[in-house]
Peer 1: 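Right, I'll just put the structure down here and ask away after.
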Amino acid sequence: MKKEIPEYAFKYLVKTPKGGTIPKSFSEIASQKVLRLHRQLPDYQPTNLVRLSKLAQSWGIGEVLVKDESTRFSLKAFKVLGGSYAVARLLCQKLRVDIENIDYNYLLSDEVRQRIGQITLTTATDGNHGRGIAWAAQQLKQRAVIYMPKGSVRSRVENIRSHGATVEVTDLNYDDAVRLSCRMAQENGWYVIQDTAWEGYTEIPLWIMQGYMTMCTEAVSQMSQEGIRPTHVFIQAGVGALAGAMVGYLVNKFQDNPPRFIIMEPNNAACILASAAAGDGLPHAVTGDLNTIMVGLACGEPNPIAWEILRDFPSCYISCDNFVAANGIRILANPLGGDDAVEAGESGSVGIGLLDLLANNPDFGKLKQELKIGPNSNLLFFNTEGATDPENYREILWHGKYPLTVI
């Protein structure tokens with residue numbers, strides 16, 4: 001049953017995971033195929049796994065680890081992992097070759113251009129996914145047309161345009177921008193590279209989700225080198241593609257004893273929580289403007305591929321207010337002595353903001369107890385983006401924008 005802590009505009013659902021069939025698409029074999037492609041991309045290197053030892057000690061927790069994607073390919077976000085893998089798979093499909101049997105440089109060759117010509121990729125985005133697609137198109141000498149929802153921040157628009165893409169900011173919300181992208185693709189013979197799925201469109205969204213596994217593959221390897229195994233994994237969700245991929249990979253990796261998964265969403269776009277709370281096993285959409293500072297999570301319709309995983313394996317689903325993400329930004333940017341600072345954007349910081357409530361606010365003590373978080377817990381978080389909206393980032397840090405206001 002869904003519960004609330006109304007003073008904080010906070011909702012959650014804790015349950016015992018029912019488990020299910022381990023998703024083979026996110027196996028170790030599949031993850032290594034993805035990693036092989038990513039290692040061939042220009043300037044590839046694993047992003048840092050930041051170990052916040054002083055914070056963990058102060059808050060009475062075993063380990064707090066943050067996989068920091070703010071430096072990924074200098075694009076400030078993880079999304080390029082999914083986009084680059086999906087575009088490479090699409091080109092291989094058109095060439096009728098297996099991605100395991102080609103080198104990335106071959107996809108850049110004149111031979112490939114002669115065989116398939118220049119294709120146009122299109123997608124809808126709040127920012128990071130679109131930039132990843134634009135970057136991949138630029139690298140592979142293809143064309144990209146990107147649609148963005150109303151209210152998109154200028155810096156995110158210009159970042160996408162910097163890679164040579166055509167960008168149109170619409171007067172639509174995210175989900176309607178997706179529909180516009182699909183319609184334009186049908187009319188013009190373009191290829192939709194979207195990180196959500198629907199009936200008849202599942203192959204490319206699956207490739208995108210598989211691309212995200214590199215982030216988790218790196219994190220598990222980095223934790224293993226330190227002799228650490230995660231007991232809890234906090235994952236933010238928009239359509240659920242990232243969360244589904246991380247959960248899918250980790251239940252494959254730790255089949256004997258998977259960690260507890262906590263799924264986090266903004267209040268106005270909590271479609272995964274709504275689906276879990278419905279209790280009928282089906283994905284459910286939420287509607288409206290989906291307004292939140294966590295714009296990368298402002299999605300109202302679950303990815304059905306991801307939902308099949310997120311329905312069965314998480315222990316907790318949470319929706320929260322803007323102040324949680326803002327507090328996470330401030331905490332990560334101002335670490336305790338000895339810990340490294342992390343530049344986290346609004347969609348990347350929500351996990352640490354939530355942990356602050358769980359560790360330090362007595363109103364959240366019951367939830368902390370239900371999640372079994374304590375001195376022996378090893379908590380893994382994903383900072384999925386850096387300061388992709390620099391002006392808002394400064395307002396949050398310098399002037400305390402989006403403070404906690406208890407109702």
Side-chain angles (χ1 to χ4, degrees), residues 8 45-72 74 76-78 215 218-236 259 262 264 293-294 320 322-365 367-368 371-404 406:
Y8 302 88
Q45 60 180 356
T47 54
N48 290 334
L49 182 71
V50 179
R51 193 172 180 179
L52 299 177
S53 299
K54 296 296 184 182
L55 182 71
Q57 181 181 3
S58 176
W59 289 0
I61 297 165
E63 296 282 356
V64 175
L65 303 117
V66 179
K67 182 62 170 167
D68 181 15
E69 292 294 298
S70 67
T71 60
R72 180 72 69 180
S74 300
K76 287 187 177 287
F78 80 102
M215 179 170 57
E218 292 174 358
V220 168
S221 175
Q222 290 163 324
M223 293 179 75
S224 178
Q225 292 171 20
E226 299 290 337
I228 301 170
R229 177 169 171 156
T231 62
H232 299 72
V233 182
F234 291 72
I235 319 168
Q236 50 272 51
I262 296 93
M264 307 169 295
I293 66 167
M294 296 168 264
C320 58
N322 288 332
F323 80 85
V324 180
N327 284 350
I329 288 173
R330 289 186 276 266
I331 292 166
L332 288 168
N334 296 276
L336 295 177
D339 286 346
D340 291 333
V342 175
E343 180 192 282
E346 299 89 340
S347 298
S349 59
V350 62
I352 292 296
L354 170 61
L355 181 59
D356 176 39
L357 293 173
L358 294 172
N360 302 308
N361 191 317
D363 291 331
F364 290 79
L367 177 56
K368 178 185 177 184
L371 294 177
K372 297 181 171 57
I373 293 174
N376 297 317
S377 301
N378 300 322
L379 279 50
L380 175 62
F381 300 83
F382 295 95
N383 175 36
T384 48
E385 63 174 3
T388 57
D389 181 355
E391 291 184 13
N392 197 49
Y393 184 78
R394 285 194 296 271
E395 286 296 315
I396 290 169
L397 280 185
W398 292 3
H399 302 132
K401 192 177 182 181
Y402 305 110
L404 165 60
V406 178

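Worth knowing before you read on, the calculation uses all heavy atoms, side chains too, and leaves out hydrogens, waters and symmetry mates.
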Peer 1: About how many Å separate CG of Leu65 and CG of Leu52, when rounded to the nearest 0.5 Å?
Peer 2: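 Going from the CG atom of Leu52 to the CG atom of Leu65 covers 7.5 Å.
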
Peer 1: May I ask you to test the Leu380-Ile228 pair for a side-chain heavy-atom distance under 4.5 Å?
Peer 2: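 The answer is no; the side chains never approach within 4.5 Å.
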
Peer 1: Between Ser349 and Ala325, which heavy-atom pair has the shortest distance, and what is it?
Peer 2: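 Shortest heavy-atom contact: OG-O, 2.7 Å.
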
Peer 1: How many angstroms lie between OG1 in Thr388 and CD in Glu346, if you round to the nearest 0.5 Å?
Peer 2: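 Result: 6.0 Å between the selected atoms.
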
Peer 1: Look only at the side chain of Ser221 and the backbone of Glu218, and say whether a donor-acceptor pair between them is shorter than 3.5 Å.
Peer 2: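 No, the answer is negative, given that no donor and acceptor are paired below the 3.5 Å cut-off.
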
Peer 1: Tell me the closest heavy-atom pair linking Ser70 and Glu343, and the distance in Å.
Peer 2: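 Scanning both residues, the minimum pair turns out to be CB-O, 3.5 Å.
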
Peer 1: When you measure from the side chain of Thr231 to the backbone N and O of Asn378, does any donor-acceptor pair fall under 3.5 Å?
Peer 2: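 Yes.
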
Peer 1: For the pair Ile61 and Leu355, evaluate side chain to side chain contact (heavy atoms under 4.5 Å, CB included) and give the outcome as yes or no after the intermediate values.
Peer 2: CA-CA 10 Å; Ile61 297 165; Leu355 181 59; 3.6 Å; yes

Peer 1: Among Lys54, Arg51, Arg229, find the residue that satisfies the salt bridge (Lys or Arg N to Asp or Glu O under 4.0 Å) test when tested with Glu63.
Peer 2: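 Answer to the salt bridge (Lys or Arg N to Asp or Glu O under 4.0 Å) test with Glu63 among Lys54, Arg51, Arg229: Arg51.
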
Peer 1: Taking the side chain as C-beta and beyond, is there a heavy-atom pair between Tyr8 and Leu404 under 4.5 Å?
Peer 2: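 They are in side-chain contact.
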
Peer 1: Quick one: does any side-chain atom of Asn361 pair with a main-chain N or O of Asp363 as donor and acceptor, under 3.5 Å?
Peer 2: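 Flag set: sc Asn361 to bb Asp363 pair under 3.5 Å.
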
Peer 1: Roughly how far, to the nearest 0.5 Å, is CG of Asn392 from NZ of Lys401?
Peer 2: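 CG of Asn392 is found 4.0 Å from NZ of Lys401.
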
Peer 1: Is Phe381 close to Leu354 at the side-chain level, that is, under 4.5 Å between some pair of heavy atoms?
Peer 2: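 Leu354 vs Phe381: side chains apart.
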
Peer 1: Not counting sequence neighbours, which residues clear ring-ring contact (aromatic ring centres under 6.0 Å, His included) with Phe323? List them please.
Peer 2: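 In terms of ring-ring contact (aromatic ring centres under 6.0 Å, His included), with neighbours along the sequence ignored, Phe323 is linked to no residue.
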
Peer 1: Under a 4.5 Å cut-off applied to non-hydrogen side-chain atoms, are Val233 and Phe382 in contact?
Peer 2: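 Touching, per the 4.5 Å side-chain cut-off.
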
Peer 1: Determine whether Val64 and Ile352 satisfy the following criterion, side chain to side chain contact (heavy atoms under 4.5 Å, CB included), listing intermediate values before the conclusion.
Peer 2: CA-CA 9 Å; Val64 175; Ile352 292 296; 4.0 Å; yes

Peer 1: After noting the C-alpha distance and the side-chain angles of Arg330 and Ile396, does the key distance pass the side chain to side chain contact (heavy atoms under 4.5 Å, CB included) rule?
Peer 2: CA-CA 7 Å; Arg330 289 186 276 266; Ile396 290 169; 3.4 Å; yes

Peer 1: Look at the side chain of Asn322 and the backbone N and O of Ile293, then say whether any donor-acceptor pair between them is shorter than 3.5 Å.
Peer 2: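 Such a contact is found between Asn322 side chain and Ile293 backbone.
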
Peer 1: Under the side-chain hydrogen bond (donor to acceptor under 3.5 Å, both in side chains) rule, collect the residues that match up with Ser347, sequence neighbours excluded.
Peer 2: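 Testing Ser347 for side-chain hydrogen bond (donor to acceptor under 3.5 Å, both in side chains), a comparison that skips the adjacent residues, returns none.
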
Peer 1: Check Asn383 against Gly345 and note the closest heavy-atom contact, atom names and distance.
Peer 2: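 Between these two residues, the closest heavy atoms are OD1-N, 4.0 Å.
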
Peer 1: Taking atom CD of Glu391 as the centre, report whether more than 12 heavy atoms of other residues, nucleotides or ligands fall under 6.0 Å from it.
Peer 2: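 For Glu391, atom CD is not crowded (no more than 12 foreign heavy atoms under 6.0 Å).
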
Peer 1: Between Leu332 and Ala344, which heavy-atom pair has the shortest distance, and what is it?
Peer 2: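 Looks like CD1-CB, 3.6 Å.
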
Peer 1: Is there side-chain contact between Asp339 and Ser53, with at least one heavy-atom pair below 4.5 Å?
Peer 2: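 Yes. Closest side-chain heavy atoms under 4.5 Å.
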
Peer 1: Quick one: CD1 on Ile331 to CG on Asp356, what's the gap to the nearest 0.5 Å?
Peer 2: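 CG of Asp356 is found 4.0 Å from CD1 of Ile331.
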
Peer 1: So, taking the atom named SG in Cys320 and the one named CE in Met294, what distance separates them when rounded to the nearest 0.5 Å?
Peer 2: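 Interatomic distance, Cys320 SG to Met294 CE, rounded to 0.5 Å: 4.5 Å.
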
Peer 1: Working to the nearest 0.5 angstrom, can you tell me the gap between Thr384 OG1 and Gln236 CD?
Peer 2: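 Separation between the atoms: 4.0 Å.
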
Peer 1: Using a 4.5 Å cut-off on heavy atoms from C-beta on, say whether the side chain of Leu357 contacts that of Val324.
Peer 2: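 Answer yes - side chains close enough.
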
Peer 1: What closest approach, in Å, do Pro259 and Pro230 show between heavy atoms, and which atom pair accounts for it?
Peer 2: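 The answer is CB-O, 3.5 Å.
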
Peer 1: Where do Leu336 and Ser58 come nearest, in terms of heavy atoms and distance?
Peer 2: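 So the two residues come closest at CD1-CB, 3.7 Å.
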
Peer 1: Using side-chain heavy atoms (C-beta onward) and a distance below 4.5 Å, is Trp59 in contact with Leu379?
Peer 2: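 Sidechains of Leu379 and Trp59: no contact.
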
Peer 1: For a quick check under 3.5 Å, do Thr47 and Glu69 share a side-chain donor-acceptor pair by atom type?
Peer 2: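 Thr47 vs Glu69: donor-acceptor pair found between side chains.
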
